[in-house]
Amino acid sequence: MKFLDEYRDYAAVQRMAEEIRRVTTRPWTLMEVCGGQTYTIVKTGLQELLSEQITLVHGPGCPVCVTPIAMIDRAVATAMLPKVILCSFGDMLRVPGSAQSLLDVKALGANVRIVYSPLDALQLARSNPDREVVFFAVGFETTAPANAMAVWQAAREGLSNFSMLVSHVLVPPAMEAVLASPSSRVQAFLAAGHACMVTGYEEYLAISARYRVPIVVTGFEPLDLLQGVLMIVQQLEEGRFEVENQYTRAVRREGNSAAQKRVNEVFEVTDRAWRGIGEIPSSGLRFRKEFASFDAELRFGIVLDDAEESSECIAGLVLQGLQRPYDCPAFGRRCTPDSPLGAPMVSSEGACAAYFHFGRRKEDDESLVSLAAAS
């Protein structure tokens with residue numbers, strides 16, 4: 001297939017779902033890791049197309065959702081410093097910190113700007129030599145190369161008024177944390193195709209072998225996801241646990257070596273806290289000492305006490321596949337996209353926001369498939 005519409009073809013999707021039902025003989029619980037995959041699953045009603053024996057749970061793959069509340073507070077405090085321009089992607093502005101969001105302090109006069117790339121922030125630094133331009137760098141392996149490239153370019157140009165507040169996280173350690181939990185019911189993973197475009201999928205081999213779980217690198221269109229589910233179910237039914245690649249049109253086993261090289265030049269692996277989940281060893285990136293002058297935390301020396309999440313928010317349980325958004329008493333009442341208690345209700349990749357906009361309780365309507373609307 002060559003065109004996007006072919007991956008959303010309803011007849012093909014129905015045939016794939018029928019094949020999944022045909023090969024499924026017992027209950028299985030699968031986790032899609034990426035928030036983009038969650039968005040497609042909920043928006044198009046793929047769960048309802050599957051056999052009732054297949055349960056999809058949602059993983060910690062939304063970059064906005066897992067950025068710790070303490071980092072939001074640091075971004076807010078940095079934005080309020082004199083002569084600072086704080087830049088980030090649009091979703092990050094609405095994520096609640098312990099007291100304020102970036103959007104709140106922007107309304108109070110802080111110089112907070114939405115950018116579409118770290119290179120936009122770099123250009124702002126060139127254009128405003130009398131200002132300190134700080135890019136709030138969040139996300140997974142997918143965004144790390146562009147951020148590393150921006151820092152590398154800033155170093156090359158000798159830009160002294162550019163820095164980053166870094167909160168990068170890595171997918172494989174989070175998958176291991178999910179599997180290591182005594183409460184975990186995950187039996188297989190749909191791995192995020194775009195992260196694997198950068199890293200490849202060799203790192204998943206050890207996880208699959210250690211925990212005896214199938215992992216299938218999967219794309220983001222309805223047919224991608226159903227094919228990924230089929231590949232997993234076939235493994236589970238046959239007692240296999242292997243790493244397979246459904247997303248062959250974009251992902252190579254070894255990944256993108258040029259992107260990996262740039263990331264490894266600028267960043268190194270470190271322990272990292274995940275919002276709602278806690279600290280996961282070796283699950284994040286920080287600046288190497290050669291690039292420490294671009295570390296906004298060091299440059300501005302902002303130290304804050306640990307912040308506490310809303311006691312009403314169950315985001316951590318949702319991000320680990322232990323609860324669904326509908327299980328939260330605050331869902332759709334105290335917590336909405338206009339007034340979120342937690343980050344998963346903010347981002348389009350957040351499970352709570354996806355359920356709020358597209359999810360339909362089964363008792364409300366037995367005809368749940370909305371694939372045509374997504375085409």
Are any of the side-chain heavy atoms of [X] and [Y] separated by less than 4.5 Å?
| X | Y | answer |
| --- | --- | --- |
| I232 | Q235 | no |
| P214 | L236 | yes |
| T143 | H168 | yes |
| P344 | R275 | no |
| Q260 | E254 | no |
| E132 | I85 | no |

Would you say [X]'s side chain and [Y]'s backbone share a donor-acceptor pair under 3.5 angstrom?
| X | Y | answer |
| --- | --- | --- |
| N111 | V84 | no |
| S101 | G97 | no |
| S127 | Q123 | yes |
| N147 | A137 | no |
| N128 | D130 | no |
| E242 | I215 | no |
| S208 | V213 | yes |
| Q100 | D73 | no |
| R21 | L49 | yes |
| Q234 | V23 | no |

If the threshold is 4.0 Å, N to carboxylate O, is there a salt bridge linking [X] and [Y]?
| X | Y | result |
| --- | --- | --- |
| R288 | E265 | no |
| E268 | K289 | no |
| R94 | D338 | no |
| E221 | R8 | yes |
| E19 | R22 | yes |

Self-check item: side-chain hydrogen bond (donor to acceptor under 3.5 Å, both in side chains) evaluation trace for N245 with T248
Solution: CA-CA 6 Å; N245 181 17; T248 54; 5.5 Å; no
Quiz item: Only one of T218, T38, T40 clears side-chain hydrogen bond (donor to acceptor under 3.5 Å, both in side chains) with E32; which?
Solution: T38
Within the 6.0 Å centroid threshold, strictly below: [X] and [Y]:
| X | Y | value |
| --- | --- | --- |
| H194 | F220 | yes |
| F287 | F267 | yes |
| Y39 | Y355 | no |

Practice problem: Evaluate the criterion side-chain contact (heavy atoms from CB on, under 4.5 Å) for residue pair L165 and F300; output intermediate values, then yes/no. | Solution: CA-CA 10 Å; L165 186 59; F300 300 106; over 6 Å; no
Can you see which heavy atom on [X] is nearest to which on [Y], and at what distance?
| X | Y | answer |
| --- | --- | --- |
| A79 | V112 | CB-CG2, 3.8 Å |
| I280 | S283 | O-OG, 2.7 Å |
| A154 | F162 | CB-CD2, 3.7 Å |
| G284 | L170 | O-CD1, 3.9 Å |
| M164 | P118 | CE-CB, 4.1 Å |
| P222 | T44 | CG-CG2, 4.1 Å |

Practice problem: Determine, step by step, whether T270 and S282 satisfy the side-chain contact (heavy atoms from CB on, under 4.5 Å) criterion, reporting the C-alpha distance in whole Å, the side-chain angles of both residues, the deciding distance to 0.1 Å, and the verdict. | Solution: CA-CA 5 Å; T270 187; S282 303; over 6 Å; no
Is [Y] reachable from [X] through a run of I, L, V, M, F, W or Y residues, each pair having side-chain heavy atoms under 4.5 Å apart?
| X | Y | answer |
| --- | --- | --- |
| L317 | W274 | no |
| V64 | I277 | no |
| V216 | I207 | no |
| V186 | Y211 | yes |
| V171 | L205 | yes |

Distance from [X] atom [atom1] to [Y] atom [atom2], nearest 0.5 Å?
| X | Y | atom1 | atom2 | value |
| --- | --- | --- | --- | --- |
| R74 | E297 | CZ | CD | 4.5 Å |
| Q14 | L223 | CD | CG | 12.0 Å |
| I314 | C352 | CD1 | SG | 7.0 Å |
| L179 | R210 | CG | CZ | 10.0 Å |
| S117 | L119 | OG | CG | 3.5 Å |
| R252 | T199 | CZ | OG1 | 12.0 Å |

Quiz item: How far apart are the C-alpha atoms of E237 and T25, what are their side-chain angles, what is the distance that settles it, and do they pass the side-chain hydrogen bond (donor to acceptor under 3.5 Å, both in side chains) test?
Solution: CA-CA 7 Å; E237 293 282 344; T25 66; 2.6 Å; yes
Quiz item: Given L190 and Q37, is the side-chain contact (heavy atoms from CB on, under 4.5 Å) satisfied, shown in steps?
Solution: CA-CA 9 Å; L190 297 167; Q37 294 173 335; 4.3 Å; yes
Exercise. Before giving the answer on ring-ring contact (aromatic ring centres under 6.0 Å, His included), spell out for F89 and F135 the whole-Å C-alpha distance, their side-chain angles and the decisive distance to 0.1 Å.
Key: CA-CA 9 Å; F89 301 128; F135 180 68; 5.6 Å; yes
Exercise. Could you walk me through whether R253 and E202 pass the salt bridge (Lys or Arg N to Asp or Glu O under 4.0 Å) test, one step at a time?
Key: CA-CA 6 Å; R253 181 186 177 109; E202 291 185 344; 3.2 Å; yes
Quiz item: Only one of I72, L103, L102, V138 clears side chain to side chain contact (heavy atoms under 4.5 Å, CB included) with V95; which?
Solution: I72
Practice problem: Could you check V229, V57, T55 and say which one makes a side chain to side chain contact (heavy atoms under 4.5 Å, CB included) with L30? | Solution: V229
Just checking [X]: does its [atom1] atom have more than 12 heavy atoms from other residues, nucleotides or ligands closer to it than 6.0 angstrom?
| X | atom1 | answer |
| --- | --- | --- |
| R334 | CZ | no |
| R26 | CZ | yes |
| R212 | CZ | no |

Exercise. Could you go through the ring-ring contact (aromatic ring centres under 6.0 Å, His included) check for F331 and Y326 one step at a time?
Key: CA-CA 6 Å; F331 178 85; Y326 289 150; 5.3 Å; yes
Quiz item: R262 and N264: side-chain donor and acceptor closer than 3.5 Å?
Solution: no
